[in-house]
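See structure below.
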Protein chains: 2
Amino acid sequence: MTAGARGGYAKGRAKRTEILDQAMALFGEAGYRGASLRVIATRCGISHPGLLHHFPTKEALLLAVLQRRDDVDDEWLALGVTRGIDHLRRLVDLAELNAKRRGIVELFSVVAAEATSPDHPAHAYFEARYRTSVANTERAYAQAREAGELRDGVEPAAAAQQFIALMDGLQIQWLFSDCTTDMAGVLRGYVQAQLTVRF
Amino acid sequence: MTAGARGGYAKGRAKRTEILDQAMALFGEAGYRGASLRVIATRCGISHPGLLHHFPTKEALLLAVLQRRDDVDDEWLALGVTRGIDHLRRLVDLAELNAKRRGIVELFSVVAAEATSPDHPAHAYFEARYRTSVANTERAYAQAREAGELRDGVEPAAAAQQFIALMDGLQIQWLFSDCTTDMAGVLRGYVQAQLTVRF
DNA sequence: CCTACCGATCGGTAGG
DNA sequence: CCTACCGATCGGTAGG
């Protein structure tokens with residue numbers, strides 16, 4: 001033990017964070033089913049029962065990983081604050097940020113597809129996530145409509161659904177293209193074509 | 001053996017087709033990694049070494065499943081024949097048809113996401129598939145441009161990439177929405193907004 | 001946090 | 001096409 005090794009709680013919290021980081025990476029690389037607790041544990045320098053001391057089951061670990069990512073992103077999006085096209089801009093900026101974090105893109109693309117199966121542990125999680133993502137985006141489009149910033153014929157509900165679908169589809173292409181696809185650029189162009197103002 | 005049980009080759013071919021059907025369904029439900037040869041074999045009424053008599057490895061089975069689907073779809077799309085917005089219409093019709101075949105949508109959504117991992121057996125397959133899908137769609141948009149059917153500002157390359165991304169993203173939402181998302185309707189609306197003529 | 005173990009399941013092969 | 005088996009690996013638990 002080195003000097004300043006007091007505070008077992010802090011150390012436990014650090015290990016917990018390390019586990020979440022490594023689990024995110026492996027769930028992204030191999031999917032939930034393809035990832036093993038032993039590999040995650042080894043990458044953290046502990047045994048797999050050691051990992052299960054921090055998270056009781058593999059399922060609990062997955063949900064903790066997903067929840068942590070959403071908490072960080074939701075805070076960054078400032079959901080309660082930004083409105084209208086400001087919110088759309090935030091979503092595009094998030095795509096730009098994600099282009100520097102392949103692990104996160106992999107995690108959500110791969111596990112979301114896996115979770116379309118009704119008996120997948122994250123099925124309910126993603127079902128709710130899509131509902132709120134589309135609903136929040138629809139609200140942003142509706143506010144843009146009120147502000148007169150939306151072109152005629154652009155319908156908020158359809159536009160929101162398209163926007164979320166576009167984000168997901170671009171992530172898959174981005175992963176296959178060795179991260180050369182310009183996700184944020186494509187999204188920006190898509191939204192700009194719907195607006196009467198400069199985006 | 002019942003009467004007319006002659007023709008062992010025909011029987012073998014029928015069993016092979018049955019295996020491909022059941023494999024497609026299970027790969028879609030559970031992904032490649034999550035599916036097991038034993039479960040597929042049981043659903044076909046044979047043992048798993050029996051299955052391996054028809055397909056030497058699990059990987060060969062997956063590639064055979066994917067290839068068969070693409071062959072059927074490519075023929076249906078009549079790639080060499082349709083041009084311009086006729087080709088786009090075919091793609092939308094394919095989405096409409098797929099809305100009646102959940103297994104196929106699951107297969108491509110789930111396995112494509114899995115295959116973003118570079119060491120996945122279908123990685124090269126999907127990489128090539130995306131390249132040609134986007135290229136074919138870009139060609140269709142370019143032909144529409146030549147025919148004067150495309151609005152100003154619509155760029156074939158970007159539009160093609162968006163169209164394919166939209167298809168993929170909608171399939172995920174469709175699977176989570178219990179097949180209530182109107183994939184073809186959304187795609188039709190998207191394309192119509194890019195055209196100067198009735199789609 | 002560890003070692004040691006449980007029962008289950010995996011893809012693939014041997015031998016017929 | 002079958003039974004029977006291989007070595008490997010899985011999530012989770014016992015007991016400390």
Side-chain angles (χ1 to χ4, degrees), chain A residues 1-2 5-24 26-27 29-65 110-111 114-115 117 119-122, chain B residues 1-2 5-24 26-27 29-65 110-111 114-115 117 119-122:
Chain A
M1 285 293 129
T2 60
R6 271 189 287 173
Y9 286 148
K11 204 172 137 191
R13 236 179 295 122
K15 184 56 81 178
R16 210 184 125 92
T17 301
E18 189 183 352
I19 292 169
L20 288 171
D21 286 337
Q22 297 291 353
M24 182 188 77
L26 193 64
F27 284 145
E29 289 167 33
Y32 174 73
R33 286 186 255 250
S36 90
L37 297 179
R38 281 169 171 84
V39 171
I40 297 168
T42 300
R43 291 190 185 183
C44 299
I46 60 176
S47 67
H48 92 275
L51 189 158
L52 288 167
H53 166 75
H54 293 276
F55 300 93
T57 65
K58 189 184 185 185
E59 185 174 332
L61 176 59
L62 174 65
L63 294 177
V65 166
V110 175
V111 180
E114 246 187 337
S117 176
D119 62 333
H120 191 284
Chain B
M1 285 294 131
T2 59
R6 269 189 288 174
Y9 286 148
K11 206 171 135 192
R13 238 180 294 123
K15 184 55 82 177
R16 209 184 127 90
T17 302
E18 188 183 353
I19 291 170
L20 288 171
D21 285 337
Q22 297 290 351
M24 182 188 75
L26 193 64
F27 284 146
E29 289 166 32
Y32 174 71
R33 285 185 254 252
S36 90
L37 297 179
R38 281 169 172 85
V39 171
I40 296 168
T42 300
R43 291 190 185 182
C44 299
I46 59 176
S47 67
H48 91 275
L51 189 157
L52 289 168
H53 167 74
H54 293 275
F55 301 92
T57 63
K58 189 184 184 184
E59 186 173 333
L61 176 59
L62 173 66
L63 294 176
V65 167
V110 174
V111 180
E114 244 187 336
S117 177
D119 63 331
H120 190 284

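A, B, ... follow the sequence lines: proteins, then strands. Residue 1 opens every chain. All figures in this text were calculated on a predicted structure; none of them were measured in a lab.
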Sorted by chain and residue number, the side-chain hydrogen bond (donor to acceptor under 3.5 Å, both in side chains) partners of A/Glu18 (sequence neighbours excluded) come out as A/Lys15
Short N/O separations, protein against nucleotides 2-4 of chain C, under 3.5 angstrom:
{"from": "C/dC2", "atom 1": "OP1", "to": "A/Ser47", "atom 2": "N", "distance (Å)": "3.2"}
{"from": "C/dC2", "atom 1": "OP2", "to": "A/Ser47", "atom 2": "N", "distance (Å)": "2.8"}
{"from": "C/dC2", "atom 1": "OP2", "to": "A/Ser47", "atom 2": "OG", "distance (Å)": "2.4"}

Report all side-chain donor-acceptor pairs from residues 31-41 of chain B shorter than 3.5 Å, counting only partners two or more places apart or in another chain.
{"from": "B/Tyr32", "atom 1": "OH", "to": "B/Glu59", "atom 2": "N", "distance (Å)": "3.3"}
{"from": "B/Arg33", "atom 1": "NE", "to": "A/Ala30", "atom 2": "O", "distance (Å)": "3.3"}
{"from": "B/Ser36", "atom 1": "OG", "to": "B/Arg38", "atom 2": "N", "distance (Å)": "3.4"}
{"from": "B/Ser36", "atom 1": "OG", "to": "B/Val39", "atom 2": "N", "distance (Å)": "3.1"}

Please state how far atom CG in B/Leu52 lies from atom C1' in D/dC6, giving the value in whole angstrom units.
-> 14 Å
B/Lys58 NZ to C/dC10 P: how many Å, rounded?
-> 9 Å
Quick note, A/His54 side chain, CB onward, closest among C/dC1, D/dG12, D/dC1 is C/dC1
Check every strand shown and say whether B/Ala41 touches a base, only sugar-phosphate, or nothing at a heavy-atom separation below 4.0 Å.
-> nothing
Between CZ of B/Arg33 and C1' of C/dC10 the distance, given in whole Å, is 14 Å
Quick one: salt bridge (charged side-chain N to carboxylate O under 4.0 Å, His left out) partners of A/Arg16, sequence neighbours excluded?
-> none
Can you check the A/Leu26 CG to D/dT9 C1' distance for me, whole Å?
-> 14 Å
Calculate the interatomic distance between A/Phe55 atom CZ and D/dT13 atom C1'; express it in whole Å.
-> 19 Å
Identify every side-chain donor-acceptor pair in residues 47-55 of chain B under 3.5 Å, counting partners at least two apart or on other chains, and give the distances.
{"from": "B/Ser47", "atom 1": "OG", "to": "B/Gly50", "atom 2": "N", "distance (Å)": "3.2"}

Separation of D/dG11 P from A/Leu62 CG (nearest whole Å) | 12 Å
Can you tell if the side chain of A/Leu20 reaches within under 4.5 Å of the side chain of A/Leu61, non-hydrogen atoms only?
-> yes
Below 4.5 Å, heavy atoms only, C-beta onward: do B/Glu29 and A/Asp119 meet side chain to side chain?
-> no
Atom pair NE2 (B/His120) and CG (B/Leu62), whose distance is rounded to the nearest 0.5 Å | 6.5 Å
How is A/Ala35 classified with respect to the nucleic acid when contacts are heavy atoms under 4.0 Å: base, sugar-phosphate, or nothing?
-> sugar-phosphate
What's the closest nucleotide to the A/Leu37 side chain, out of D/dC1, C/dC10, D/dG11?
-> D/dG11
What is the distance from CD of B/Glu18 to C1' of D/dC1, rounded to the nearest Å?
-> 14 Å
Dot-bracket notation for DNA chain C is requested: 5' to 3', Watson-Crick or G-U wobble pairs only, both distances under 3.5 Å, with ( ), [ ], | and . as defined.
-> ||||||||||||||||
Nearest-angstrom distance from the residue atom CD of B/Glu59 to P of C/dC10 = 19 Å
Is the closest side-chain heavy-atom distance between A/Ile46 and A/Ile19 below 4.5 Å?
-> yes
Would you say A/Ser36 reaches D/dC10's phosphate, i.e. side-chain N/O to OP1/OP2 under 4.0 Å?
-> yes
